[in-house]
Amino acid sequence: MTTQSPESPEFDHLLHGVPDVPSAVAAYTAAGLPAHVNPPYLGFQNGAWRLDVRYVEILTVVDHAEFADSPYGRAMASMMPFVTDQIAAGGGGLNFAVNVTDATATTERLRRAGHEVELVTFAKEGSPVSFREAFLADAPRWAPFFISYEPDRQTILDTYRGGGGRRGAHDLAGFVIETPEPAVAADWLSRLLCLPTTADGTVVPLPGGHVHFTAGPADRITTLLLTDGAPPTTRVAGLDVRPA
């Protein structure tokens, strides 16, 4: 059990690796989760089911050499074997991002606690938007990375992305991580985020997207948990979708 973090951690987005972004986006939309496709950029293509400031990122690599030499590819280098395996297997959940007040301050806290952390700043030339991401090298492959934006993500949504309101009838309640020791994993994440677990010790109630742990060998994100309306029970590119 931990105390509330001064870093105001909130769910930001979840990464879903897929073989083909347009096909996966079509499957999301058919399931009642209206998603969009972005054009390829630096060897990478993504799309998203955007809820509000939160979203599920649907992604693939279209040119491995170009992507590996990009800032995004260098930042993801350590996890690329896992990403490649997931995409080759038909897709699946990768990891997730936690929005914090200041990724630099979070990095400093984690380093003081003994973690190995890389802090990367992303700023596209000519864009008014930049963001910093903190990646842990000494963590499970499903572990979060931390992100903070300039300007803040609500301003970015309202000013540059046309606001929210197009998520469809459903909301994201959280997601499931299948791992051999769910209580141990939940306790680790609880300490990392400075958030308490629930009474049964297997859920970390991260604002915007609760993280549920369940027993199993996969050791990865397996399921999106939906609320509002009448959510579907389906499977999209290796990721289960069901009501919370």
Side-chain angles (χ1 to χ4, degrees), residues 1-17 54 56-57 75-87 89 91-101 103 105-119 133-147 172-227 235 238-244:
M1 187 72 71
T2 61
T3 57
Q4 177 64 45
S5 169
E7 296 164 12
S8 300
E10 296 183 359
F11 173 80
D12 191 84
H13 67 280
L14 182 146
L15 278 64
H16 181 185
R54 303 163 300 146
V56 175
E57 182 176 5
M76 292 178 63
S78 64
M79 67 177 295
M80 282 309 298
F82 174 50
V83 174
T84 301
D85 288 348
Q86 287 290 87
I87 291 174
L94 301 176
N95 60 0
F96 62 104
V98 174
N99 181 255
V100 290
T101 306
T106 298
T107 296
E108 292 170 355
R109 172 180 65 82
L110 294 172
R111 286 173 175 167
R112 288 194 300 270
H115 291 285
E116 183 180 348
V117 187
E118 181 180 8
L119 181 66
E133 294 182 348
F135 299 91
L136 282 81
D138 56 335
R141 59 193 186 183
W142 48 258
F145 58 97
F146 297 86
I147 187 167
L172 181 71
F175 53 96
V176 178
I177 297 173
E178 181 183 302
T179 190
E181 298 182 286
V184 172
D187 180 67
W188 180 87
L189 182 63
S190 168
R191 295 176 186 278
L192 188 76
L193 302 181
C194 299
L195 291 173
T197 60
T198 54
D200 70 354
T202 62
V203 180
V204 178
L206 177 65
H210 292 192
V211 187
H212 299 248
F213 291 88
T214 190
D219 202 32
R220 64 176 178 85
I221 298 168
T222 60
T223 309
L224 299 181
L225 300 174
L226 305 183
T227 188
R235 187 173 177 85
L239 188 62
D240 290 331
V241 178
R242 64 172 174 84

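All values below come from the heavy atoms of this structure, side chains included, with hydrogens, waters and symmetry mates left out. All residue numbers refer to positions in the sequence shown, counting from 1. Computed from a prediction, not measured in an experiment: that's the story for all the values here.
- Contact of the F175 side chain with the V211 side chain is registered, since non-hydrogen atoms from C-beta on lie closer than 4.5 Å.
- Side-chain contact check for F213 versus T197: every heavy-atom pair is 4.5 Å or farther apart.
- Nearest heavy-atom pair, W142 versus T179, reported as atom, atom and distance to 0.1 Å: NE1-OG1, 4.2 Å.
- The distance between the ring centers of H115 and F135 does not fall below 6.0 angstrom.
- No side-chain heavy atom of L225 sits under 4.5 Å from any side-chain heavy atom of T227.
- Shown here are the side-chain hydrogen bond (donor to acceptor under 3.5 Å, both in side chains) partners of D12, two or more places apart in sequence or in another chain: Y149, R153.
- By the side-chain hydrogen bond (donor to acceptor under 3.5 Å, both in side chains) test, R111 pairs with no residue at all, sequence neighbours left out.
- Two residues are said to be in side-chain contact when any heavy atoms from C-beta on lie closer than 4.5 Å; R242 and V176 meet this criterion.
- When all heavy atoms are compared, the tightest approach of P205 to P196 is CD-O, 3.0 Å.
- Remark: the backbone N or O of G209 is not paired with any side-chain donor or acceptor of R54 at under 3.5 angstrom.
- The distance from the CG atom of L195 to the CG atom of L189 is 8.0 Å, given to the nearest 0.5 Å.
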Inset, instruction - With side-chain contact (heavy atoms from CB on, under 4.5 Å) as the test, would you mind laying out the steps for E118 and S78 before giving the verdict? - result: CA-CA 11 Å; E118 181 180 8; S78 64; over 6 Å; no
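- To the nearest 0.5 Å, atoms OG1 (T107) and CD (E133) are separated by 10.5 Å.
- The shortest heavy-atom contact between P180 and D219 is CD-OD1, 4.1 Å.
- Side chain of T101 to main chain of E7: a donor-acceptor pair is present (N/O by atom type, distance under 3.5 Å, no hydrogens or angles).
- Looking only at distances, no side-chain donor or acceptor of S190 sits under 3.5 Å from a matching main-chain atom of A186.
- Separating the CG atom in L136 from the CD atom in E116 is a distance of 9.0 Å, to the nearest 0.5 Å.
- With a 4.5 Å cut-off on side-chain heavy atoms, F82 and N95 do not count as touching.
- Rounded to the nearest 0.5 angstrom, T202 OG1 and E181 CD are separated by 14.0 Å.
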Legend entry - CA sep, side-chain torsions, deciding dist, call: L110, L192, side-chain contact (heavy atoms from CB on, under 4.5 Å): CA-CA 8 Å; L110 294 172; L192 188 76; 3.6 Å; yes
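- Heavy-atom minimum distance, D240 versus R235: OD1-NH1, 2.6 Å.
- How far CG of L15 is from CG of L239: 11.5 Å, rounded to the nearest 0.5 Å.
- In this structure, L172 and L224 have side chains that are in contact, with non-hydrogen atoms separated by less than 4.5 Å.
- With rounding to the nearest 0.5 Å, the separation of CG in L14 from CD1 in I221 is 4.5 Å.
- Taking the six-membered ring where tryptophan is involved, the planes of F145 and H13 are perpendicular, since the angle between them exceeds 60° and thus also 30°.
- Taking every heavy atom of both residues into account, W188 and P140 meet most closely at CH2-CD, 3.6 Å.
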Inset, instruction - Could you please spell out the steps behind the side-chain contact (heavy atoms from CB on, under 4.5 Å) verdict for F146 and V117? - result: CA-CA 10 Å; F146 297 86; V117 187; over 6 Å; no
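- Side-chain contact, T222 with E178: no donor N or O sits under 3.5 Å from an acceptor N or O.
- Taking every heavy atom of both residues into account, L193 and V98 meet most closely at CD2-CG2, 4.1 Å.
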